[in-house]
Peer 1: 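Have a look at the structure that comes next, please.
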Protein chains: 2
Amino acid sequence: MKEINIQSDKKEHIINVAIELFSTKGFEGTSIRELAAKAGVNIAMVNYYFGSKDKLFEALIENKVAYMKGKLEELVANKSLSEIEKIDIIIESYVDRLLSQPAYHRVIHQELLVRQRESMHHNITSIFNRNMEMVKSIIDAGIKKKVFKKVDPELTMASIVGTINQVMLSKAMCLMLIQKGEDFDPYTDKAFRKRLETHLKQMIHSYLLNN
Amino acid sequence: MKEINIQSDKKEHIINVAIELFSTKGFEGTSIRELAAKAGVNIAMVNYYFGSKDKLFEALIENKVAYMKGKLEELVANKSLSEIEKIDIIIESYVDRLLSQPAYHRVIHQELLVRQRESMHHNITSIFNRNMEMVKSIIDAGIKKKVFKKVDPELTMASIVGTINQVMLSKAMCLMLIQKGEDFDPYTDKAFRKRLETHLKQMIHSYLLNN
DNA sequence: AAATATTAATTAAACGTTTGTTTAATTCAA
DNA sequence: TTGAATTAAACAAACGTTTAATTAATATTT
């Protein structure tokens, strides 16, 4: 069984090590030598598999970006759910997605923050934009039905994602925020995930809902 | 008049060029040669003034970090303002501070995201922590007086800062968010600033206030 | 089934650049 | 004339990448 897709396994292993290193040292701050050493492969293997350091980075992004692709479209089209239920599901899935892959999302976050590789920057923003359109259409529908107040749909989206991103920004800051010791890991802790979900739902509910 | 503090002027000029470059290319992604060229000085001048690239970065951070230092303490102690008025002032000053220096705060943001220079990371988080304590004390006071609901003070802070950070993350994404063209600059536009302030105040009001 | 040929995976070494930093000489200002 | 400011050149180290040789695995032929 081990023999099946050895190359893919090794490629994926390199990608996973790269995510870990890029997330804490940045793309430019990580050398191929360091990456190869930590992954336990020869320096030349990275270029052998991916062609270049830049292409490794592209492969890293595309490897996981498809995740949750059609899910939002399904959710919007679903007619058996109310608008606020849809918003709740979005909050839950965003929290789940970001907290379960903190290193990967920190890499994406970096790429959004700097503008070194313009095409990749564009890829990420356009994906985010599509998600934004979906959320906006849900909020607009809620406003039309007068179950939602006349809020700012775009900035509401920014508040949901921004709150989670703020917590994901730095483990050290997150620990300060929730007053825990260094050994505590907020991103795997179930109770913290629940706390974040509850806060977001309550805040967004009181902002969106009439009465 | 020009002759007064030529060195400080030049140091500050280098710092300002560095902020611009670091914010779009990252610290590791910016070379001293590129920085010197853009600042119109010799390569050796950077080390002559700051000692090293790392120390330039430290100087860059400390140069502006003191800004708004005591203001929050004053605000908390002020007895002629209600809790919600204090929160509003905090929102206004955060929006103002972040939007008027987008490049600088993107550099800080990067340094929080990666953990290359541990001591600087620690400096930034501890400053943020002090601010957080202040906001928390205001919210706690509001809860005690029963003008605020029993909310999550820490995550409320995360929502305020996180919303602004989300908008500051990428100009391209911000433009998508607010559906404007490439030539529009959201960070200098007064109307956008007002829009962000209004959204934050309304959201936080409906979350915090009883009735 | 064994031997051979072919392709893929892996390696150590070297490549030319670029990096941050330093030197030693020169210009400028007090 | 003294000290600071500025320069061009050189430094070693680290960078991403390539090469050429070797080992391992797969396919083909006897």
Side-chain angles (χ1 to χ4, degrees), chain A residues 1-61 107 110-111 114 116-120, chain B residues 1-61 107 110-111 114 116-120:
Chain A
M1 274 296 172
K2 263 190 183 174
E3 286 80 12
I4 296 173
N5 261 338
I6 299 182
Q7 168 160 351
S8 309
D9 282 1
K10 215 158 208 171
K11 280 183 88 167
E12 200 138 323
H13 177 237
I14 292 176
I15 286 182
N16 288 331
V17 175
I19 289 174
E20 215 55 51
L21 283 173
F22 291 175
S23 80
T24 52
K25 311 195 133 209
F27 176 73
E28 275 82 14
T30 305
S31 74
I32 292 201
R33 281 168 179 81
E34 189 181 4
L35 167 60
K38 188 160 182 183
V41 299
N42 189 276
I43 328 165
M45 292 309 287
V46 176
N47 281 333
Y48 178 75
Y49 280 134
F50 299 97
S52 70
K53 195 189 177 188
D54 277 289
K55 284 180 186 164
L56 158 66
F57 195 54
E58 286 173 32
L60 184 157
I61 299 287
V107 176
Q110 273 178 56
E111 195 55 22
V114 300
Q116 277 281 61
R117 289 151 291 277
E118 204 63 51
S119 72
M120 226 174 303
Chain B
M1 273 297 172
K2 263 190 184 173
E3 285 79 13
I4 296 173
N5 260 339
I6 300 181
Q7 168 160 351
S8 309
D9 284 2
K10 216 158 208 171
K11 281 182 87 167
E12 199 137 325
H13 177 237
I14 292 175
I15 286 182
N16 287 331
V17 174
I19 289 175
E20 215 55 51
L21 283 173
F22 291 175
S23 80
T24 54
K25 312 194 130 209
F27 176 73
E28 274 83 14
T30 305
S31 74
I32 291 199
R33 280 168 180 81
E34 189 181 5
L35 168 60
K38 188 161 184 183
V41 300
N42 188 276
I43 331 165
M45 292 310 287
V46 176
N47 280 333
Y48 178 74
Y49 279 134
F50 299 97
S52 70
K53 195 189 178 189
D54 277 289
K55 282 181 187 164
L56 158 66
F57 194 55
E58 286 173 31
L60 185 157
I61 300 287
V107 176
Q110 274 177 56
E111 196 54 23
V114 299
Q116 276 282 61
R117 289 152 289 277
E118 205 63 50
S119 72
M120 226 172 303

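In what follows, chains are A, B, ... by sequence order, proteins preceding strands, each numbered from 1.
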Peer 1: Can a side chain N or O of B:Lys10 be found less than 4.0 Å away from OP1 or OP2 on D:dA5?
Peer 2: no
Peer 1: With a 4.5 Å limit on heavy-atom distance, are the side chains of B:Val17 and B:His13 in contact?
Peer 2: yes
Peer 1: Is there a donor-acceptor pair closer than 3.5 Å between any side-chain N or O of B:Gln116 and the backbone N or O of B:Glu28?
Peer 2: no
Peer 1: With side chains defined as the heavy atoms from C-beta onward, is the minimum distance between B:Val107 and B:Phe57 less than 4.5 Å?
Peer 2: yes
Peer 1: Specify the separation, in whole Å, of atom NZ of A:Lys11 and atom P of C:dA8.
Peer 2: 14 Å
Peer 1: Would you mind reading off the distance between A:Asp9 atom CG and C:dA8 atom P, rounded to a whole angstrom?
Peer 2: 19 Å
Peer 1: Could you tell me whether B:Glu34 and B:Lys25 have a side-chain N and a carboxylate O separated by less than 4.0 Å?
Peer 2: yes
Peer 1: State, yes or no, whether a side-chain contact exists between A:Val114 and A:Phe27 at a heavy-atom distance under 4.5 Å.
Peer 2: no
Peer 1: For every nucleotide of nucleotides 14-19 of chain D, 5' to 3': is a protein heavy atom under 4.0 Å from its base (B), only from its sugar-phosphate (S), or from neither (-)?
Peer 2: -BBBB-
Peer 1: How far does CD1 of A:Ile14 sit from CG of A:Leu35, to the nearest 0.5 angstrom?
Peer 2: 7.0 Å
Peer 1: Grab the CE-C1' distance between B:Met45 and C:dT21 for me, whole Å please.
Peer 2: 15 Å
Peer 1: May I have the distance from A:His13 (atom NE2) to C:dA9 (atom P), rounded to whole angstrom?
Peer 2: 17 Å
